[in-house]
Amino acid sequence: MTPAVLLAILCLRLISSSPAPDPVLDAEWQKWKIKYEKTYSLEEEGQKRAVWEQNMKKIKLHNGENGLGKHGFTMEMNAFGDMTIEEFRKLMIEIPIPTVKKENSVQKRQAVNVPNFINWRKRGYVTPVRRQGRCNVCWAFSVAGAIEGQMFQKTGQLIPLSVQNLVDCSRPQGNLGCYLGNTYLALQYVKENGGLESEATYPYEEKEGSCRYHPDNSTASITDFEFVPKNEDALMNAVATLGPIFVAIDARHESFLFYRNGIYHEPNCSSSVVTHAMLLVGYGFVGEESDGRKYWILKNSMGNKWGNRGYMKIAKDQGNHCGIATYALYPRV
Ligand SMILES: *[C@@H]1O[C@H](CO)[C@@H](O)[C@H](O)[C@H]1NC(C)=O
Ligand SMILES: *[C@@H]1O[C@H](CO)[C@@H](O)[C@H](O)[C@H]1NC(C)=O
């Protein structure tokens, strides 16, 4: 083979490494890039477009099937459209679940007289949805959220708490900043430290820094924290009687990444491996309670453009779906 022929073949390879874009999607692609302020180099563009197209086609297929009543929830193209599921899963690291001593777990409450619907947002317990961005600290957002709710109950004031304070300062307890953290260790930090600053005095930076906590600026503290027994009845009693609770779910799925609205149900979800921390703020059902579809309401930390303005509903009383009751904790203030 002459060098010229070889070069021609190589070039062909390079060009064909990303499949040709589907011209039908040109306008949507341009609109999406503007909406989410995406700019790519010339080399990147083809590869990103190919990933986006694959995601777009899966989302359209899901929603088409959903229209026929198959799934019970819709998906939508969002800011994560140029991410492959492999890239997303790198952020979804299994959260180690601590073994719990019995005395540290919420006393079994009587399963009577809990309401059919609870939504702590409507009662002023929940701060606006925030966005974790490039730093993988769902654990810190859900810890902040759980303490915010308990502080509101105690003081009547709803104050967004400092996630950055948790990220920077809970390393001695064993947390690893933007890479991986555990709610239980973050709560241990707040308990041992004796306080936590607010978002106003210690704002979120999307990266790890040195610990800059100062007790003069402390706005919240906890006396202890407790684990909720690993079943959905205990979780329902806890959220109904205590307020918003920290939970974690298996979120390693495209259906989660592109979730839009409705009651989430993912056949491939694990109920033992959990990867993403969220804040449980209530529950309810659609239709008749006896045969209706029950759901939990979760607050996420992926911004208010994700899901239903930053929130999701997920199937309740369907065998601990996605591990909703596998790792639940709440702080005492
Ligand atoms: C409290 O927070 C404010 C705002 O970030 C800051 O200017 C001030 O220095 C902090 N106080 C102390 C004692 O660190
Ligand atoms: C479930 O997992 C299998 C195997 O990884 C995969 O082929 C299938 O598409 C997945 N189903 C859904 C709904 O994601």
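When a ligand or atom number is given, it counts from 1 through the structure's own listing order. Heavy-atom basis, side chains included; hydrogens, waters and symmetry copies ignored.
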**Request:** Determine if the distance from atom 9 (O) of ligand 1 to the closest protein heavy atom is below 4.0 Å.
**Result:** no

**Request:** Flag atom 5 (O) of ligand 1 as yes if some protein heavy-atom distance to it falls below 4.0 Å, otherwise no.
**Result:**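 Under 4.0 Å from atom 5 (O) of ligand 1, at least one protein heavy atom found.
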
**Asked** Going by the angle between their ring planes, with limits at 30° and 60°, are Trp32 and Tyr36 parallel, tilted or perpendicular?
**Response** tilted

**Asked** For ligand 1, which atoms have a heavy atom of Asp216 less than 4.0 angstrom away?
**Response** 13 (C)

**Item:** Element-labelled atoms of ligand 1 that are located less than 4.0 Å from some non-hydrogen atom of His214
**Value:**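 Once the distances to His214 are compared, the set is 12 (C), 13 (C), 14 (O).
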
**Item:** Proximity to ligand 1 by part of Thr201, non-hydrogen separation under 4.0 Å
**Value:**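 Both parts.
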
**Prompt:** Which value, rounded to the nearest 0.5 Å, describes the distance between Ile263 atom CD1 and Phe285 atom CZ?
**Reply:**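 Going from CD1 on Ile263 over to CZ on Phe285, the span is 11.0 Å.
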
**Prompt:** Which distance, rounded to the nearest 0.5 Å, do you find between the SG of Cys211 and the CG of Asn165?
**Reply:**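 Output value for this atom pair is 6.0 Å.
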
**Item:** With sequence neighbours excluded, residues passing side chain to side chain donor-acceptor pair (under 3.5 Å) with His276
**Value:** Asn300

**Request:** Applying salt bridge (Lys or Arg N to Asp or Glu O under 4.0 Å), run through Glu232 and Lys316 and close with a yes or a no.
**Result:** CA-CA 8 Å; Glu232 291 184 89; Lys316 175 173 176 288; over 6 Å; no

**Prompt:** Hey, does Asn217 come in under 3.5 Å of ligand 1, counting only N/O atoms on both sides?
**Reply:** yes

